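Note sheet for the following structure.
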Amino acid sequence: QVQLVESGGGLVQAGGSLRLSCAASGRTSSIYRMGWFRQAPGKEREFVAAITWAAGSTYYSDSVKGRFTMSRDIPQNTAYLQMNSLKPEETAVYYCAAGSGGIYSRNRAYDYWGQGTQVTVSS
């Protein structure tokens, strides 16, 4: 009932920046929050950031605080993740997710997931 499409991934050098976008369609009125997760090769999926749709309250993993910023454009039904000072270990597939409740940092809190976008940070 909600479709999510990520874009903006690519190759960037260490210390560089990248801006990811997540466009939502369908029953967007059911979205309480949106989040970003990432999965690096050989590692489990991990929480990166989340934002509540109405209030715009943001939450970040400790590893990205101060470097990443999540935002949303309500009329465009789009969430963004601005990533600065990127590190090689942050090379991963980044996934956008949308959900109606639960613990914001847990996979199970999200009902819908995008296809993912590859972010590669070179050293």
Side-chain angles (χ1 to χ4, degrees):
Q1 292 181 298
V2 175
Q3 296 79 45
L4 305 173
V5 179
E6 303 101 328
S7 62
L11 176 64
V12 64
Q13 293 187 353
S17 298
L18 214 56
R19 182 180 183 243
L20 305 182
S21 299
C22 176
S25 60
R27 294 185 66 249
T28 57
S29 62
S30 68
I31 298 174
Y32 169 69
R33 75 165 71 90
M34 295 183 70
W36 288 96
F37 292 74
R38 64 190 178 192
Q39 187 164 22
K43 298 180 65 177
E44 295 184 352
R45 187 187 303 171
E46 66 173 344
F47 168 76
V48 176
I51 190 168
T52 61
W53 202 247
S57 301
T58 53
Y59 308 87
Y60 301 96
S61 69
D62 290 340
S63 64
V64 308
K65 285 180 180 177
R67 297 186 298 116
F68 290 13
T69 302
M70 192 171 179
S71 61
R72 85 275 193 256
D73 185 326
I74 293 176
Q76 294 277 11
N77 290 314
T78 301
Y80 303 94
L81 184 67
Q82 178 66 45
M83 304 184 293
N84 298 327
S85 302
L86 281 160
K87 305 173 181 179
E89 58 264 36
E90 293 177 310
T91 292
V93 177
Y94 283 69
Y95 296 92
C96 178
S100 57
I103 301 173
Y104 63 84
S105 61
R106 303 297 179 91
N107 294 345
R108 64 173 63 93
Y110 300 89
D111 304 305
Y112 306 99
W113 295 80
Q115 81 286 357
T117 185
Q118 176 71 45
V119 172
T120 302
V121 185
S122 63
S123 59

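No hydrogens, no waters, no symmetry mates; every other heavy atom, side chains included, goes into these values. Nothing here was measured: the structure is a model prediction, and the numbers come from that model.
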Pairwise side-chain contact, Arg38 with Lys43, heavy-atom cut-off 4.5 Å (strictly under): no
Side chains of Arg106 and Phe37 in contact at under 4.5 Å (non-hydrogen atoms): no
Nearest-0.5 Å distance that lies between atom CD in Glu44 and atom CD in Glu46: 10.0 Å
Least distance between heavy atoms, Arg72 atom then Gly56 atom: NH2-N, 3.4 Å
CA sep, side-chain torsions, deciding dist, call: Val12, Met83, side-chain contact (heavy atoms from CB on, under 4.5 Å): CA-CA 11 Å; Val12 64; Met83 304 184 293; over 6 Å; no
Smallest separation among heavy atoms of Gln115 and Leu4, with atom names: OE1-O, 3.6 Å
Spacing of Arg19 atom CZ and Thr69 atom OG1 [to the nearest 0.5 Å]: 11.5 Å
Leu81 and Val48, any side-chain heavy atoms less than 4.5 Å apart: yes
Thr117 and Leu20: CA distance, side-chain angles, deciding distance, side-chain contact (heavy atoms from CB on, under 4.5 Å) verdict: CA-CA 8 Å; Thr117 185; Leu20 305 182; 4.1 Å; yes
pair Ile31-Ser100: side-chain heavy atoms closer than 4.5 Å: no
More than 12 heavy atoms of other groups within 6.0 Å of Gln13 CD: no
Evaluation steps, side-chain contact (heavy atoms from CB on, under 4.5 Å), between Leu18 and Leu86: CA-CA 8 Å; Leu18 214 56; Leu86 281 160; 4.0 Å; yes
Pairs satisfying ring-ring contact (aromatic ring centres under 6.0 Å, His included), at least one member in residues 65-106, at least two apart: Phe47-Tyr104, Tyr59-Tyr104
Trace of the side chain to side chain donor-acceptor pair (under 3.5 Å) decision for Ser17 with Asn84: CA-CA 4 Å; Ser17 298; Asn84 298 327; 2.8 Å; yes
Side-chain donor or acceptor of Ser21 paired with backbone N/O of Ser7 under 3.5 Å: no
pair Met70-Met34: side-chain heavy atoms closer than 4.5 Å: yes
Side chain to side chain donor-acceptor pair (under 3.5 Å) contacts touching residues 23-37 (sequence neighbours left out): Gln3-Ser25
Any side-chain heavy-atom pair of Thr91 and Glu89 under 4.5 Å: no
Side-chain heavy atoms of Glu90 within contact of Val64, under 4.5 Å: yes
Over all atoms of both residues, closest heavy-atom pair of Gly116 and Glu6: N-OE1, 2.9 Å
